[in-house]
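Structure first, then comments.
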Amino acid sequence: MAPTTRPTFRRSLALLAGAALLANIGLAGTAAAQGVPPTNGPASVADLAEGLLDAVVNISTSQNVKDDEGAGPAPRAPDGSPFQEFFNDFFNKQQGGKGGGNHNVSSLGSGFVIDPAGYIVTNNHVIEGADDIEVNFANGSKLKAKLIGTDTKTDLSVLKVEPKTPLKAVKFGDSSGMRIGDWVMAIGNPFGFGGSVTVGIISGRGRNINAGPYDNFIQTDAAINKGNSGGPLFNMKGEVIGINTAIISPSGGSIGIGFSVPSELASGVVAQLREYGETRRGWLGVRIQPVTDDVADSLGLDAAKGALVAGVIKGGPVDNGSIKAGDVILKFDGKAVNEMRDLPRVVAESPVGKEVDVVVLRDGKEQTVKVTLGRLEDSDQAAANSDDGSQNGGVINPDPGENDDMDEPDSDQAQPSPDNKGTENKTPENKGPENKGPENKGQGQSDQQGQVAPDAATPKNVLGLSLSLLNPDIRKTFNIAESVDGVVVTEVTPGSAAAEKGLKPGDVIVEVAQEFMKSPDAVAARVQSLKQEGRRNAQMMIAAANGDLRFIAVPME
């Protein structure tokens with residue numbers, strides 16, 4: 001019977017299962033690696049492998065699991081079946097011979113020694129939930145292991161054994177220097193049989209397989225099968241440049257598509273787990289969404305790049321106004337942010353408390369602001385202390401039912417999840433400085449007694465949107481929170497560009513092209529101004545009735 005793999009990580013990878021070819025994503029968790037080396041490879045890797053095999057270990061875990069009560073009887077083979085006896089014996093063993101009891105679940109994977117003193121790296125999904133962890137070495141010796149620290153976001157864990165003599169260890173190399181087409185060697189130790197060596201090349205870099213918020217996998221065709229999770233991927237110098245984590249396979253065996261966590265990401269995580277027993281990541285405290293082609297055009301960007309700030313977390317590092325909703329982050333600490341998903345990774349890899357330069361596009365101009373990073377692990381506390389209910393969610397959801405604390409990605413349609421219930425961005429910088437006090441109401445807005453100026457009586461139609469002032473009656477009609485200010489959408493023309501972008505009655509236009517909107521006339525004037533500038537799209541900050549913000553770009557043609 002093959003050992004079980006970890007269900008949470010399998011669910012994470014299930015997001016790729018839509019394509020027929022990629023019918024199922026399995027974990028490298030249990031069977032021996034048997035790959036055919038490429039026909040045109042190095043003459044031999046025997047000398048290289050010989051010096052590394054002893055540093056690769058087999059990891060065996062066990063977990064005592066209580067059988068589900070009321071799960072019903074185990075299935076039975078039809079009476080008279082030639083396999084009835086074996087079938088029934090199998091399920092009796094699985095249930096401990098009786099229902100409602102406990103049974104042990106085992107798991108096997110690989111790992112590698114990074115310190116002769118006994119520190120070992122593996123995948124979190126190999127040891128997750130284990131009551132007992134045992135490390136089996138190539139020479140047949142076994143040692144009990146203690147869990148030092150684990151990081152679910154990168155699926156990495158550090159273990160510690162107490163050897164009588166120093167162990168053979170390997171070191172991390174620099175994965176950033178690896179190129180597509182470079183030769184690599186994967187070593188695993190499935191079932192404790194001894195090292196299993198396969199050779200291949202790097203097939204791709206920076207792969208996002210929706211496994212976690214910092215996906216940046218190395219793709220390789222070196223055979224990685226079940227049983228090799230947590231094993232090292234070496235360059236031809238014998239340095240670890242990746243940690244084998246997942247495969248795409250319809251059968252569970254290698255089809256030449258494997259994924260490894262790059263050492264440039266893993267080495268920092270491992271160092272923190274060794275030192276602190278936990279990760280200590282940088283935190284910017286913003287909600288972000290992709291810069292689409294339409295948004296780029298509306299902002300005057302020459303290409304769709306960067307991360308669009310959809311909101312600022314109250315109590316976070318940039319709640320002082322250094323970064324505002326509507327900014328596009330183009331560079332962070334000297335590193336270009338080409339895509340939205342680049343930002344969470346570079347922020348997380350930055351030291352807590354470091355002052356960094358952030359290049360943003362604001363009001364059509366690039367400017368550099370200085371930001372002192374907070375600690376990501378403190379972000380939940382900031383959300384809990386917020387009096388407006390604002391929360392910070394994850395960057396990229398590793399699972400539809402999971403979310404991680406970071407600078408959260410957003411989208412035109414918003415992406416709620418159990419841990420990300422919406423961020424009420426009620427701080428002044430998210431609505432423009434004009435959103436408080438009667439002096440900022442502007443012509444046509446309601447006064448404190450709810451009296452409405454004439455232009456509110458006849459809603460304007462702009463880009464297929466019927467717009468009106470936000471007065472007490474309309475607030476009540478659409479159940480719009482008192483914290484929300486702007487111009488309310490009362491009707492949306494079916495089939496219009498605005499309707500296609502998801503706008504609906506009750507939405508509130510807070511800004512157009514980074515200018516706060518006081519009245520329907522202001523929206524119409526700003527749209528006309530953008531058309532005269534040759535813009536094809538109007539970027540709008542939209543507030544939902546509960547205050548959640550998002551940005552959309554509405555075509556003006």
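- Between atom CG of residue L53 and atom OG of residue S196 there is a gap of 9.5 Å, rounded to the nearest 0.5 Å.
- For E349, the side-chain contact (heavy atoms from CB on, under 4.5 Å) test picks out L265, R345, with sequence neighbours left out.
- Scanning both residues, V369 and I323, for their nearest heavy atoms gives CG2-CG1, 4.1 Å.
- For residues 261-274, the pairs satisfying salt bridge (Lys or Arg N to Asp or Glu O under 4.0 Å) are D115-R274, R205-E264, with sequence neighbours left out.
- Atom CZ of residue R179 and atom CD1 of residue I202 lie 10.0 Å apart, to the nearest 0.5 angstrom.
- In this structure, the side chain of S110 engages the main chain of N189 through a donor-acceptor pair within 3.5 Å.
- In this structure, CD1 on I133 lies 10.0 Å from CD1 on I120, to the nearest 0.5 angstrom.
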Is there a side-chain contact (heavy atoms from CB on, under 4.5 Å) between M178 and V184 once you walk through the steps? CA-CA 10 Å; M178 301 298 293; V184 289; 4.1 Å; yes

Walk me through whether N124 and D151 qualify under side-chain contact (heavy atoms from CB on, under 4.5 Å). CA-CA 7 Å; N124 172 66; D151 179 44; over 6 Å; no

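- Checked by atom type, the side-chain pair D357/T368 shows no donor-acceptor distance below 3.5 Å.
- In this structure, NZ on K331 lies 13.5 Å from CG on D342, to the nearest 0.5 angstrom.
- T198 places a side-chain N or O within 3.5 Å of a backbone atom of A223 that can act as its donor or acceptor partner.
- Comment: R341 engages E339 in a salt bridge, judged by a side-chain N to carboxylate O separation of less than 4.0 angstrom.
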Could you pull out all donor-acceptor pairs under 3.5 Å where a side-chain atom in residues 141-148 meets a protein atom, sequence neighbours excluded?
residue: S141; atom: OG; partner: N139; partner atom: OD1; Å: 2.7
residue: K144; atom: NZ; partner: D132; partner atom: OD1; Å: 3.2
residue: K144; atom: NZ; partner: D132; partner atom: OD2; Å: 2.9

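- Closest approach of S263 to F172, counting heavy atoms only: CB-CD2, 3.8 Å.
- Summarising the geometry, atom CD1 belonging to I329 is positioned 14.5 Å from atom NZ belonging to K305; distances are rounded to the nearest 0.5 Å.
- The shortest non-hydrogen separation linking A186 to L233 is CB-CD1, 4.0 Å.
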Might you work through the side-chain contact (heavy atoms from CB on, under 4.5 Å) test for F259 and T245, ending with a clear yes or no? CA-CA 6 Å; F259 299 98; T245 297; 5.7 Å; no

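- The structure places CD1 of I257 at 9.5 Å from CG of D221, a figure rounded to the nearest 0.5 Å.
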